[in-house]
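Order of the sequence lines fixes the chain letters, A, B, ..., with proteins taken first and strands second; residue numbering starts at 1 for each chain.
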Amino acid sequence: MIDSINPTAKTVGILLGSIILGLTFQWQVNLFVVILCLLFLVTSKRTDPAKLAKIMIPIALISVSYFFTGWLFSSEQALFSGSADPAAIIGGSDLTNGLNLSTRILSFAMLGISYSLTTDSGELIASFIQQAKMPMKMGYAILTAINLTSLIHREYDNSKLALQVRNIPVKPFDTKPLFTMMVRMIRWSERLALAMEAKGFSEDRVMQMQMTIKSKDILFSVGLPVLIAVMGFIVL
Amino acid sequence: MNKNKLTLRDYLLMALISVVFGVVYLLAVYAGTALTTILTPFGLGVLGYEPFYGIWYMAAIITTYLIRKPLVGIVTEVIAALIEVLLGNMFGVMVLISAFIQGVGVELPFTFTRYEKYTYKVAMASAVSATVLSFLWTGFRSNYLAMDWRIVAAIFVIRLLSSLFFTGYLSKLICDKLDKAGILTNQLTAREVSE
């Protein structure tokens, strides 16, 4: 369902939806968004269950940490506003505050995952260049960097190894391999730019992948924020 | 002030440096997750990622120092965020807003110097403004108003200290070393020749 939405429209819809969600402070709305996002993910052919499970571990942990903070360290204002909530009758205002904070961060994360796991990088950049007027140079620089990611990771490990074979210890967050990498990246950027321009790269480049905005894309970009607003300000 | 447009080489440098810092960010995420796990039972889990927060501004300040053109800090943060999103960042599109705000924070003090001063003083001011703006944004996102003021104050102080160390001190140190090694001079000369 969400796979076929134009990436720019998807960005606008989820971005606006996230901002509106930020203006609501009820755990019921957050839970509604979490379920909606799960629906997006389940119906998407691009969602890799293993990757989803791997991402969900830190999200669950962050959500639990916010629950404990909200529960143990509530502000007076939050206690007052949460006293009318049905959940406060069972567990008290502290618990409602914890629930609000934890589901809030969880719903933001679920919106984020349903965006990043269901969007193809090539389509996103092509759509940003064609619909959002992103400079061609910027788009291709991002694609170049993404395609070089594994090579850069290997280079980083190699620069650490190069120091270790010279008996220079490398600690976590050490600046020595970082310095080597900065020098390499400056050289790589020069050579890559020369190579791309030598192959005729320019702003006038014609793209094979043509992205279009259809009515369902507009419906998604308007519908999702409206749905969250309706749930947050009218229904719940 | 260098008002020339950003070239393909500039964009490539920003994107490649963003990927390098992606490796460092990953280390910070592991460390932050471990710290969050330890602090969660005490209700202090929200502080877990704060000691590493300054690392997220490093790419922007380093590219601003290297390229020395307006908007480089903001564009670098946005590129870094887009790369993170495409590699499966859990906060997806919200990272783009965070990145834009952090980029504005990093770049603001350089704007006041018309991109002519790259001293420790400006780097530290950059660290402070990035902290203040990102604090306001995460305050909205995570609803700090619902938390005890002491927790919120701790978040700000730890983030500020992390930012001053990683953004204000460490990034400037790396850039100065690059300058000392002659990399920056060669790079600026190469650009002047190509323009």
Side-chain angles (χ1 to χ4, degrees), chain A residues 11 14-15 18 22 25 51 55 58-59 61-62 64-66 68-75 77-78 97 100-101 104-105 108-109 111-113 115-117 121 124 137-138 141-142 144-146 148-149 152-153 156 172-173 175 178-179 181-183 185-186 188-190 192-193 196-197 201, chain B residues 6-9 11-20 22-24 27 29 31 33 36-37 39-41 43-46 48 62 66 75 79 82-83 85-97 140-143 145-151 170 173-174 177-178 181 183 187 190:
Chain A
T11 309
I14 293 185
L15 200 64
S18 303
F25 302 96
K51 199 173 179 184
I55 296 176
I59 290 173
L61 191 68
I62 295 169
V64 170
S65 77
Y66 271 81
F68 275 95
T69 305
W71 183 30
L72 300 172
F73 299 100
S74 297
S75 69
Q77 187 197 339
N97 191 41
N100 273 334
L101 285 178
R104 185 181 175 86
I105 209 81
F108 278 135
L111 272 172
I113 297 171
Y115 176 81
S116 54
L117 291 192
S121 57
L124 179 77
K137 291 171 197 164
M138 185 172 167
I142 293 170
T144 308
I146 289 172
L148 289 174
T149 301
I152 293 171
H153 279 233
Y156 192 72
F173 304 112
T175 56
L178 212 53
F179 173 79
M181 286 306 288
M182 289 298 108
V183 177
M185 291 309 109
I186 289 168
W188 282 23
S189 66
E190 281 163 7
L192 276 167
M196 285 167 79
E197 278 162 356
F201 179 85
Chain B
L6 292 169
T7 61
L8 176 63
R9 201 195 132 281
Y11 281 117
L12 280 166
L13 182 60
M14 288 187 257
L16 293 175
I17 286 183
S18 297
V19 174
V20 173
V23 183
V24 187
L27 278 176
V29 167
T33 308
T36 303
T37 313
L39 295 172
T40 295
L44 301 171
V46 288
I62 288 178
L66 292 176
V75 175
I79 288 178
L82 267 171
I83 292 172
V85 167
L86 293 173
L87 296 177
N89 183 289
M90 59 180 151
F91 285 107
V93 100
M94 288 290 268
V95 175
L96 291 176
I97 307 180
F140 166 74
R141 194 190 64 192
S142 305
N143 193 17
L145 288 175
M147 295 177 198
D148 191 314
W149 69 270
R150 284 165 294 188
I151 289 284
L170 212 57
L173 187 78
I174 293 171
K177 277 186 183 175
L178 286 170
I183 305 291
Q187 193 207 359

### Message
Under 4.5 Å from any heavy atom of chain A, what part of B:Leu6 do you find: side chain, backbone, both or neither?
### Response
backbone
### Task
Let me know if B:Leu82 has heavy atoms under 4.5 Å from chain A in its side chain, its backbone, both or neither.
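The side chain, not the backbone.
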Hey, could you give me the [atom1]/[atom2] distance between [X] and [Y], rounded to the nearest 0.5 Å?
{"X": "B:Leu86", "Y": "A:Thr149", "atom1": "CG", "atom2": "OG1", "answer": "9.5 Å"}
{"X": "B:Met147", "Y": "A:Leu72", "atom1": "CE", "atom2": "CG", "answer": "12.0 Å"}
{"X": "A:Leu15", "Y": "B:Leu96", "atom1": "CG", "atom2": "CG", "answer": "7.0 Å"}

#### Entry: Residues forming a side-chain hydrogen bond (donor to acceptor under 3.5 Å, both in side chains) with A:Ser18, sequence neighbours excluded
none
Is [X] close to chain B through its backbone or its side chain, or both, or neither, when contacts mean heavy atoms under 4.5 Å?
{"X": "A:Tyr115", "value": "side chain"}
{"X": "A:Leu101", "value": "side chain"}
{"X": "A:Leu124", "value": "side chain"}
{"X": "A:Phe179", "value": "both"}

### Query
Is there a donor-acceptor contact under 3.5 Å from the side chain of A:Thr69 to the main chain of B:Gly43?
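Side chain of A:Thr69 to backbone of B:Gly43, a donor-acceptor pair under 3.5 Å: yes, one is there.
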### Message
Looking at chain A, which one of B:Thr36, B:Leu170, B:Ile83, B:Leu145 has the largest number of heavy-atom pairs inside 4.5 Å, strictly under?
### Response
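The option with the most such pairs is B:Leu145.
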### Message
Let's test your reading of the structure: which of B:Ser142, B:Ser18, B:Gly45 forms the most heavy-atom pairs below 4.5 Å with chain A?
### Response
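Max contact count across the listed options: B:Ser142.
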### Query
Name the one of A:Leu148, A:Thr144, A:Ile146, A:Ile152 that satisfies side-chain contact (heavy atoms from CB on, under 4.5 Å) with B:Val19?
A:Ile152
### Message
side-chain contact (heavy atoms from CB on, under 4.5 Å), that's the test. Do B:Leu12 and A:Trp188 meet it? Break it down for me.
### Response
CA-CA 9 Å; B:Leu12 280 166; A:Trp188 282 23; over 6 Å; no
### Query
Top residue by heavy-atom pair count (under 4.5 Å) with chain B, among A:Ile14, A:Thr11, A:Leu61, A:Ile55?
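If we count pairs closer than 4.5 Å to chain B, A:Leu61 comes out on top.
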#### Entry: Heavy-atom pair count under 4.5 Å with chain B, highest-scoring of A:Thr175, A:Val64, A:Leu117, A:Leu111
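Of the options given, most contacts go to A:Thr175.
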### Qualifying residues under side chain to side chain contact (heavy atoms under 4.5 Å, CB included), relative to A:Ala109, sequence neighbours excluded
A:Ile59, B:Phe91
